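Here's the structure, in structure tokens; my notes come after.
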Amino acid sequence: MPTEVDFHFDPMCPFAYQTAVWIRDVRRQTGLKINWHFFSLEEVNLAEGKKHPWERDWSYGWSLMRIGVALRRTDPELLDAWYARIGKDLHEDAGTPHAPDRARELLAEIGAPTAIFDDALADPTTHDEIKADHQRVIDAGGFGVPTLFFADGQALFGPVLVDPPRDDAALRLWDLTTGMLEFPHVYELQRPKGPADRDRISDVLQPYIKGRDWISINRGKVVELEEKPA
């Protein structure tokens, strides 16, 4: 059973956040060491003619990850707290952690050094660390998050969740997930999504949809997500 995992995430991804909730519960019960790493959905789905996220003064998920880099350099526990806090703000509370003023507020809430925000954005090497994390997933054949890397070099995409299991159920899912490592040539196991599944996913993603003020693109296609009437 693995005792350590590298978890690649984009803070704007609602599915990576749900998986992070689950794996934190696994950590609570087992002492699993989680090393948080980055991946940019904006970059991997970049529309033709658009600037790369590192070419902009402020770029939603990318800039939040630059702050995350600075936090990770200071203390990995701060990055852990940062991802949990900005994730809850967007994916549970329909907030806007990707707005600079709100990001500053959330940094203060987790007790981060007051200079972290400005230092992260003034340091061009924070771009380099995100690019390196991102490229690791690409080089492994990955395309999105959550992507997990294990000590033996294997990588898994997922599990993709909308209702993260807790307690004993969380451990059973961890056993199933890591059991895939015994079969390195099993490449895909996927559940078809019927109307009820799509409704369930839409219900869980409502806070994210309310907080989202950007257009999502997945492999060149615009992803339309509609907010349900109150």
Side-chain angles (χ1 to χ4, degrees), residues 1-27 30 32-46 52-54 59-62 64-69 71-72 76 79-80 82-84 86-87 90-91 126-165 170 173-191 193 201 204-205 208 216-221 223:
M1 183 66 65
T3 59
E4 186 171 350
V5 64
D6 291 353
F7 188 114
H8 286 252
F9 71 94
D10 183 315
M12 313 309 286
C13 178
F15 297 108
Y17 175 71
Q18 298 294 336
T19 304
V21 170
W22 159 71
I23 209 165
R24 288 175 189 273
D25 197 65
V26 173
R27 178 178 65 185
T30 68
L32 175 72
K33 183 181 179 184
I34 305 171
N35 304 311
W36 300 108
H37 291 269
F38 306 109
F39 183 82
S40 175
L41 292 173
E42 183 179 9
E43 174 61 18
V44 81
N45 294 307
L46 190 69
H52 293 284
W54 58 84
S59 186
Y60 286 7
W62 188 273
L64 294 179
M65 290 188 285
R66 292 185 72 191
I67 295 167
V69 167
L71 292 170
R72 183 169 65 181
L79 173 55
D80 185 90
W82 175 240
Y83 183 29
I86 60 178
L90 175 60
H91 303 297
T126 56
H127 291 304
D128 299 333
E129 285 196 34
I130 301 171
K131 290 177 184 178
D133 279 2
H134 179 91
Q135 193 61 42
R136 182 191 190 192
V137 176
I138 297 297
D139 289 345
F143 54 85
V145 288
T147 296
L148 312 180
F149 283 83
F150 296 89
D152 65 356
Q154 291 193 63
L156 297 173
F157 173 70
V160 177
L161 309 170
V162 293
D163 52 353
L173 180 56
W174 179 241
D175 288 343
L176 289 170
T177 301
T178 56
M180 288 286 288
L181 302 176
E182 294 185 50
F183 306 97
H185 298 128
V186 174
Y187 295 107
E188 190 167 325
L189 178 67
Q190 190 174 72
R191 186 187 304 275
K193 299 178 187 68
I201 293 168
V204 172
L205 264 59
Y208 160 78
S216 292
I217 298 176
N218 186 9
R219 300 187 190 180
K221 296 180 180 179
V223 178

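The structure presented is a predicted model; accordingly, all values stated were derived computationally and were not measured. No hydrogens, no waters, no symmetry mates; every other heavy atom, side chains included, goes into these values.
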If you define the side chain from C-beta out and look only at heavy atoms, does anything of [X] sit under 4.5 Å from [Y]?
{"X": "Met1", "Y": "Asp175", "value": "yes"}
{"X": "Asp133", "Y": "Phe39", "value": "no"}
{"X": "His37", "Y": "Val137", "value": "no"}
{"X": "Phe183", "Y": "Leu189", "value": "no"}
{"X": "Arg136", "Y": "Asp6", "value": "yes"}
{"X": "Trp174", "Y": "Leu32", "value": "yes"}
{"X": "Phe7", "Y": "Ile23", "value": "yes"}

Query raised in the report: With under 30° as parallel and over 60° as perpendicular, where do the rings of Tyr83 and Trp36 fit, or are they tilted in between?
Result: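 The arrangement is perpendicular - the two ring planes meet at more than 60°.
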[atom1]/[X] to [atom2]/[Y] distance, rounded to the nearest 0.5 angstrom?
{"X": "Gln18", "Y": "Cys13", "atom1": "CD", "atom2": "SG", "answer": "9.5 Å"}
{"X": "Phe15", "Y": "Asp10", "atom1": "CZ", "atom2": "CG", "answer": "13.0 Å"}
{"X": "Ile86", "Y": "Met12", "atom1": "CD1", "atom2": "CE", "answer": "8.0 Å"}
{"X": "Thr178", "Y": "Leu173", "atom1": "OG1", "atom2": "CG", "answer": "9.0 Å"}
{"X": "Arg66", "Y": "Thr126", "atom1": "CZ", "atom2": "OG1", "answer": "3.5 Å"}
{"X": "Ile34", "Y": "Arg24", "atom1": "CD1", "atom2": "CZ", "answer": "6.5 Å"}

Which pairs of donor and acceptor atoms, one on a side chain in residues 149-162, lie under 3.5 Å apart (sequence neighbours left out)?
| unit_1 | atom_1 | unit_2 | atom_2 | d |
| --- | --- | --- | --- | --- |
| Asp152 | OD1 | Gln154 | N | 3.0 |
| Asp152 | OD2 | Gln154 | NE2 | 2.9 |
| Gln154 | NE2 | Leu181 | O | 2.9 |

Query raised in the report: Under 6.0 Å between ring centres, would you say that holds for Phe9 and Phe38?
Result: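 When the ring centroids of Phe9 and Phe38 are compared, they turn out to be within the sub-6.0 Å range.
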Requested in this report: Show your reasoning for whether side-chain contact (heavy atoms from CB on, under 4.5 Å) applies to Val69 and Ile130.
Outcome: CA-CA 7 Å; Val69 167; Ile130 301 171; 3.8 Å; yes
Query raised in the report: How far apart are the closest heavy atoms of Tyr17 and Ala84, and which atoms are they?
Result: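 Smallest interatomic distance, heavy atoms only, reads CE1-O, 4.3 Å.
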**Report entry** Met180 vs Leu148, side-chain contact (heavy atoms from CB on, under 4.5 Å): CA-CA, chis, key distance, verdict
**Finding:** CA-CA 12 Å; Met180 288 286 288; Leu148 312 180; over 6 Å; no
Query - His91: partners by side-chain hydrogen bond (donor to acceptor under 3.5 Å, both in side chains), with sequence neighbours left out - result: none
Query raised in the report: Do Trp82 side-chain atoms and Arg72 backbone N/O form a donor-acceptor pair below 3.5 Å?
Result: no
Query raised in the report: Within the side chain of Asp25, is there an N or O that forms a donor-acceptor pair under 3.5 Å with the backbone of Ala170?
Result: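 No; zero donor-acceptor contacts below 3.5 Å.
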Query raised in the report: Residues in side chain to side chain contact (heavy atoms under 4.5 Å, CB included) with Glu43, at least two apart?
Result: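 Side chain to side chain contact (heavy atoms under 4.5 Å, CB included) list for Glu43, sorted by chain: Ser40, Leu46, His52, Pro53, Trp54, His134.
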